[in-house]
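Report on the following structure.
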Number of protein chains: 2
Amino acid sequence: MSTQVSEACPISEVLDHVAGKWSIGILVAAAHGPIRFTELERAVSGISRRMLTLNLRKLERDGLLVRTVHPTVPPKVEYSLTPMARELHSYLTGLVDWADRYRGAITRARAAYDGAAGPV
Amino acid sequence: MSTQVSEACPISEVLDHVAGKWSIGILVAAAHGPIRFTELERAVSGISRRMLTLNLRKLERDGLLVRTVHPTVPPKVEYSLTPMARELHSYLTGLVDWADRYRGAITRARAAYDGAAGPV
DNA sequence: CAGAATCCAAGAAGATACTG
DNA sequence: CAGTATCTTCTTGGATTCTG
């Protein structure tokens, strides 16, 4: 058997792009409809302009976001999800929802772990 | 840090731990039942021993994995999911499934993007 | 077997400044 | 408004070696 496994990028790489900290925030924020750069900057809390740009490019390149430039002054650029990103979005919200439900428990688990092991 | 705001860690941080490239692989591999270190090393393709250890500690600290040491010779250590990780697992498999369905499309999207923009 | 310790390279990310 | 460019810092991750 010709194990020509990687005709396409490995799953782990896809997941790495799609499930990154910033990617999830961006995709979730863009899911409500077309969203502008500055709106995204506010929506994704903690992201820097640079990181936003880089992640937008990555997601656009992967075919998850569509970038629409309106040739006006001042410029207006909108980002929206492609169909495959929209499908992804439901899984992402499940994840976000889970994180929200359990972040208290996780914080407590960390405290217990650190307390037991020995924080110096 | 004498932080007053963070009663619990922000969602983005939780997601960052849980949805990392390695974390997903580890959690999915451990979902079948208790799994040993070396088995994980084989199951999570591409991971190094070091990264595996670091990620196992992180997940254990977050209360997602339970580490069981059997005091035998040679040593035997098993990892299994906690209930909250088990709940997470269903969302993760959804994600993995999505990634598998679309990785071909993503690879093509990249090629198109690179081809159009100008790969120098 | 299941790690821990150390060193080092590469990439991610922040700060800041500039532009069509 | 929506970026780009540059510089520096911090973190991630690989390779290797050692141990109970």
Side-chain angles (χ1 to χ4, degrees), chain A residues 9-10 12-26 29-30 33-62 65-80 113-114 117-120, chain B residues 1 9-10 12-26 29-30 34-62 65-80 113 117-118 120:
Chain A
C9 46
S12 59
E13 190 196 323
V14 175
L15 288 174
D16 204 31
H17 279 202
V18 140
K21 179 170 53 169
W22 299 132
S23 307
I24 295 181
I26 292 173
I35 186 171
R36 303 180 60 175
F37 187 88
T38 311
E39 293 173 333
L40 275 170
E41 203 175 350
R42 276 193 299 268
V44 184
S45 81
I47 198 170
S48 68
R49 182 161 304 186
R50 179 181 136 84
M51 276 303 102
L52 180 55
T53 302
L54 290 178
N55 276 277
L56 285 173
R57 290 290 167 277
K58 189 172 67 179
L59 292 171
E60 189 194 352
R61 186 169 105 100
D62 282 359
L65 285 182
V66 175
R67 179 169 176 269
T68 311
V69 181
H70 302 274
T72 59
V73 178
K76 179 177 177 178
V77 179
E78 286 183 319
Y79 293 89
S80 47
Y113 185 93
D114 294 345
V120 181
Chain B
M1 27 164 94
C9 46
S12 58
E13 191 195 323
V14 175
L15 288 173
D16 205 29
H17 280 202
V18 139
K21 178 171 51 170
W22 300 130
S23 307
I24 295 181
I26 291 172
I35 187 171
R36 302 181 61 175
F37 187 88
T38 314
E39 292 172 335
L40 275 169
E41 203 176 351
R42 276 193 299 267
V44 184
S45 82
I47 198 169
S48 67
R49 183 161 303 187
R50 178 181 138 85
M51 278 302 103
L52 180 55
T53 302
L54 290 178
N55 277 275
L56 285 173
R57 291 289 166 276
K58 190 171 68 180
L59 292 171
E60 190 194 352
R61 185 169 105 101
D62 282 0
L65 285 183
V66 175
R67 181 171 176 267
T68 311
V69 181
H70 302 275
T72 60
V73 178
K76 177 177 177 180
V77 179
E78 287 183 319
Y79 294 89
S80 49
Y113 185 94
V120 182

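Chain letters run A, B, ... following the sequence lines, proteins first, then strands; residues in each count from 1. Since this is a predicted model, take the numbers as computed values, not measurements.
Counting all heavy atoms, side chain and backbone alike, E41(A) lies closest to I47(A) at O-CG2, 4.1 Å. Taking each heavy atom of A29(B) and L40(B) in turn, the nearest pair found is CB-CD2, 3.8 Å.
A nucleotide of DNA chain C counts as in contact with chain A when one of its atoms lies under 4.0 Å from a heavy atom; the first and last such, 5' to 3', are dA13(C) to dG20(C). Using a 4.0 Å cutoff to heavy atoms of chain B, the contacted part of DNA chain D runs 5' to 3' from dG13(D) to dG20(D).
Residues M51(A) and L54(A) have side chains in contact (heavy-atom distance under 4.5 Å, counting atoms from C-beta outward). Contact of the I26(A) side chain with the Y79(A) side chain is not registered, since no non-hydrogen atoms from C-beta on lie closer than 4.5 Å. In this structure, the side chains of V44(A) and N55(A) stay at 4.5 Å or more apart for every pair of heavy atoms. Within the 4.5 Å cutoff, no side-chain heavy atoms of Y113(A) are placed close to those of D62(B).
Atom CG in L15(A) sits 11.5 Å away from atom CH2 in W22(B) (nearest 0.5 Å).
Applying a 4.0 Å cut-off to non-hydrogen atoms, the residues of residues 39-55 of chain B that approach DNA chain D are S48(B), R50(B), M51(B), listed by residue number.
At least one donor-acceptor pair under 3.5 Å links the side chain of S23(A) to the backbone N or O of H17(A). Judged purely by atom type and a 3.5 angstrom limit, E13(B) has no side-chain atom pairing as donor or acceptor with the backbone of P10(B).
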Open item on the list: Show, in sequence, the C-alpha distance, side-chain angles and deciding distance for L65(B) and R67(B), and conclude whether the side chain to side chain contact (heavy atoms under 4.5 Å, CB included) test is met.
Closed with: CA-CA 6 Å; L65(B) 285 183; R67(B) 181 171 176 267; over 6 Å; no
